[in-house]
Number of protein chains: 2
Amino acid sequence: MTEVVEIWDPCVERLARLTGDRCKAKTAARKLQNLTDKIDESELTVEAEVFKAMSDPFRLAILKLLREGELCVCEIMTAFDKPQSSTSHHLSILKRAGLVKERKDGKWSRYRLSEGAVIEMMNLAGLMTGD
Amino acid sequence: MTEVVEIWDPCVERLARLTGDRCKAKTAARKLQNLTDKIDESELTVEAEVFKAMSDPFRLAILKLLREGELCVCEIMTAFDKPQSSTSHHLSILKRAGLVKERKDGKWSRYRLSEGAVIEMMNLAGLMTGD
DNA sequence: CTTATATATCGAATAAGCTTGATCCGAATA
DNA sequence: TATTCGGATCAAGCTTATTCGATATATAAG
């Protein structure tokens, strides 16, 4: 009896114990495998960076402030009464994530939202609370 | 000389030095003040929690996996080959943020996306990269 | 009632993030 | 060229997150 091991990963072992049925387990495992294979690793990283940039209350406030138009670092730090280094740092994070765009204007750096999608995402996040 | 101080906050001082014109500075400051006043602090906190929950690659992967339907902790940890404690912990974070819902079923805890908006947010985040 | 299994929670170690003063850079101005 | 001012970067201290083994809880099965 040369028990043919068709088990292609530990996943099936686990699911087999779950369902008690090795055949069903294989099907379930294959389905899970298909789903996880569809998840692109680099896409995951990029999207996580976007969400991380939006996960800080101060940065979120900056984005909301920029809904009305372009502002320089000086105005933003003044509006929120925050140190310049802190404001600049958070703006660089937002910029790196692609959420804001920078425009140099003499000695000023003026920032604006890069996409309307940013506002849309904030609106959607607000919907998540009540449910 | 009882110099009437109409300056209602340090904001104007700063903007006055920026523009050189105290009158314009007051207007600008008032405008900024109006904008910042519109930003609700508690709304900010809630939205930040949602984004923070979505800012981890593993949690994002879980959300993507759940697009296809309900899964138990055991299946999720198996799909990604992650420890049970870690998987359970991340699911609790997603649940607390309102992104997933839990359904107890015997000794299983089955999780599903709570809103279609979750998928929409991930799609929007993906758009942010190229621009 | 004991055992096995699915999940949740705890705890300690490690890593990452935030804050802010200090410093550096670059553009405008005298 | 020296100075000033907006902004970026650095560095230290502090807080928070992530990870994962160990333990607790709870449900089901024997």
Side-chain angles (χ1 to χ4, degrees), chain A residues 11 13-21 25 28 44-45 48-62 70-97 100-112, chain B residues 11 13-21 25 28 44-45 48-62 70-97 100-112:
Chain A
C11 183
E13 297 294 347
R14 194 136 225 320
L15 293 173
R17 274 189 286 124
L18 271 181
T19 59
D21 181 340
L44 219 57
T45 308
E49 190 186 6
V50 170
F51 288 122
K52 191 173 298 179
M54 300 180 79
S55 72
D56 181 83
F58 181 23
R59 287 197 293 268
L60 219 41
I62 291 177
E70 199 181 50
L71 290 174
C72 67
V73 178
C74 185
E75 291 170 309
I76 297 169
M77 62 182 277
T78 301
F80 295 118
D81 193 27
K82 292 273 190 178
Q84 182 270 324
S85 63
S86 179
T87 307
S88 181
H89 175 235
H90 285 296
L91 280 167
S92 78
I93 290 174
L94 290 171
K95 183 182 164 193
R96 182 150 32 84
V100 303
K101 285 202 175 308
E102 185 192 10
R103 182 173 66 88
K104 294 280 188 187
D105 176 20
K107 51 184 172 180
W108 287 275
S109 289
R110 305 194 185 277
Y111 287 88
R112 65 183 187 283
Chain B
C11 182
E13 297 294 345
R14 197 137 222 320
L15 293 172
R17 272 188 288 124
L18 272 181
T19 60
D21 181 338
L44 221 56
T45 308
E49 190 187 6
V50 170
F51 288 122
K52 189 173 297 178
M54 299 180 79
S55 71
D56 180 84
F58 181 24
R59 287 197 291 267
L60 217 42
I62 291 177
E70 198 180 50
L71 290 173
C72 66
V73 179
C74 185
E75 290 170 309
I76 297 168
M77 61 182 277
T78 301
F80 294 119
D81 193 27
K82 292 274 189 178
Q84 181 271 324
S85 63
S86 180
T87 307
S88 180
H89 175 236
H90 284 297
L91 280 166
S92 77
I93 291 173
L94 290 172
K95 184 181 163 193
R96 182 151 30 86
V100 303
K101 284 200 176 307
E102 185 192 11
R103 181 173 68 88
K104 294 281 187 186
D105 175 20
K107 51 183 171 181
W108 286 276
S109 289
R110 305 194 185 276
Y111 288 87
R112 66 184 187 282

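Every chain is numbered from 1, with letters handed out A, B, ... down the list of sequences.
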Can you tell me which nucleotide in D:dC5, D:dT18, D:dA8 comes closest to the side chain of A:Lys107?
D:dC5

For A:Leu60 versus A:Met54, what's the shortest heavy-atom pair and its separation?
CD1-O, 3.5 Å

Residues passing the ring pair (Phe, Tyr, Trp, His ring centres under 6.0 Å) test with B:His90, sequence neighbours excluded, are B:Phe58

Tell me the interatomic distance from B:Asp105, atom CG, to D:dA28, atom C1', rounded to whole angstroms.
12 Å

Do A:Glu49 and A:Arg96 come close enough that some side-chain heavy atom pair is under 4.5 Å?
yes

How many Å lie between CE on A:Met54 and C1' on C:dG17, as a whole number?
18 Å

With respect to the phosphate group of D:dA17, does any side-chain polar atom (N or O) of B:Lys52 fall under 4.0 Å of OP1 or OP2?
yes

Expressed in angstrom and rounded to an integer, what is the separation of B:Phe58 atom CZ from C:dA16 atom C1'?
18 Å

State which of C:dA8, D:dT9, D:dT18 makes the closest approach to the side chain of A:Ser85.
D:dT9

Whole angstroms only, please: what is the CZ-C1' distance between A:Arg96 and C:dG17?
12 Å

Quick one: A:Lys104 NZ to D:dA8 C1', roughly how many Å, whole number?
7 Å

What does B:Lys82 touch in the nucleic acid at a heavy-atom separation under 4.0 angstrom: a base, only the sugar-phosphate, or nothing?
nothing

Out of C:dA8, D:dA8, D:dT18, minimum distance to the side chain of B:Asp56 belongs to D:dT18

For the side chain of A:Ser88, starting at C-beta, report the closest nucleotide among C:dT5, D:dG21, D:dT9.
D:dT9

Is any side-chain N or O of A:Arg110 closer than 4.0 Å to OP1 or OP2 of D:dG7?
no

Are side-chain heavy atoms of B:His89 and B:Ser86 found at a separation under 4.5 Å?
no

Name the closest nucleotide to the B:Trp108 side chain, picking from D:dC20, C:dT7, C:dA22.
C:dT7

Indicate, with a heavy-atom threshold strictly under 4.0 Å, whether B:His90 touches base, sugar-phosphate, or nothing.
sugar-phosphate

Using a 4.0 Å heavy-atom cut-off across all strands, classify A:Ser109 as base, sugar-phosphate, or nothing.
sugar-phosphate

Taking atom P of D:dT18 as reference, at what distance in whole Å does atom CZ of B:Arg59 sit?
4 Å

Can you find a donor-acceptor pair, distance only, under 3.5 Å between B:Gln84 side chain and C:dA6 base?
no

Reckon A:Tyr111 has a side-chain N or O less than 4.0 Å from the OP1 or OP2 of D:dG6?
no

Measure across A:Leu91 and A:Val100 and return the closest heavy-atom pair with its distance rounded to 0.1 Å.
O-CG2, 4.1 Å

Rounded to whole Å, please give me the gap between NE2 in A:His89 and C1' in C:dT23.
16 Å

Quickly work out the B:Leu94 CG to D:dT18 C1' distance and round it to whole Å.
14 Å

Counting side-chain heavy atoms from C-beta on, which of C:dT7, D:dG7, C:dA8 comes nearest to A:Cys74?
D:dG7

Can you give me the closest heavy-atom contact between A:Ser109 and A:Glu102, atom names plus distance?
OG-OE2, 3.2 Å

Taking any heavy-atom pair under 4.0 Å as a contact, classify B:Ile76: base, sugar-phosphate, or nothing.
nothing

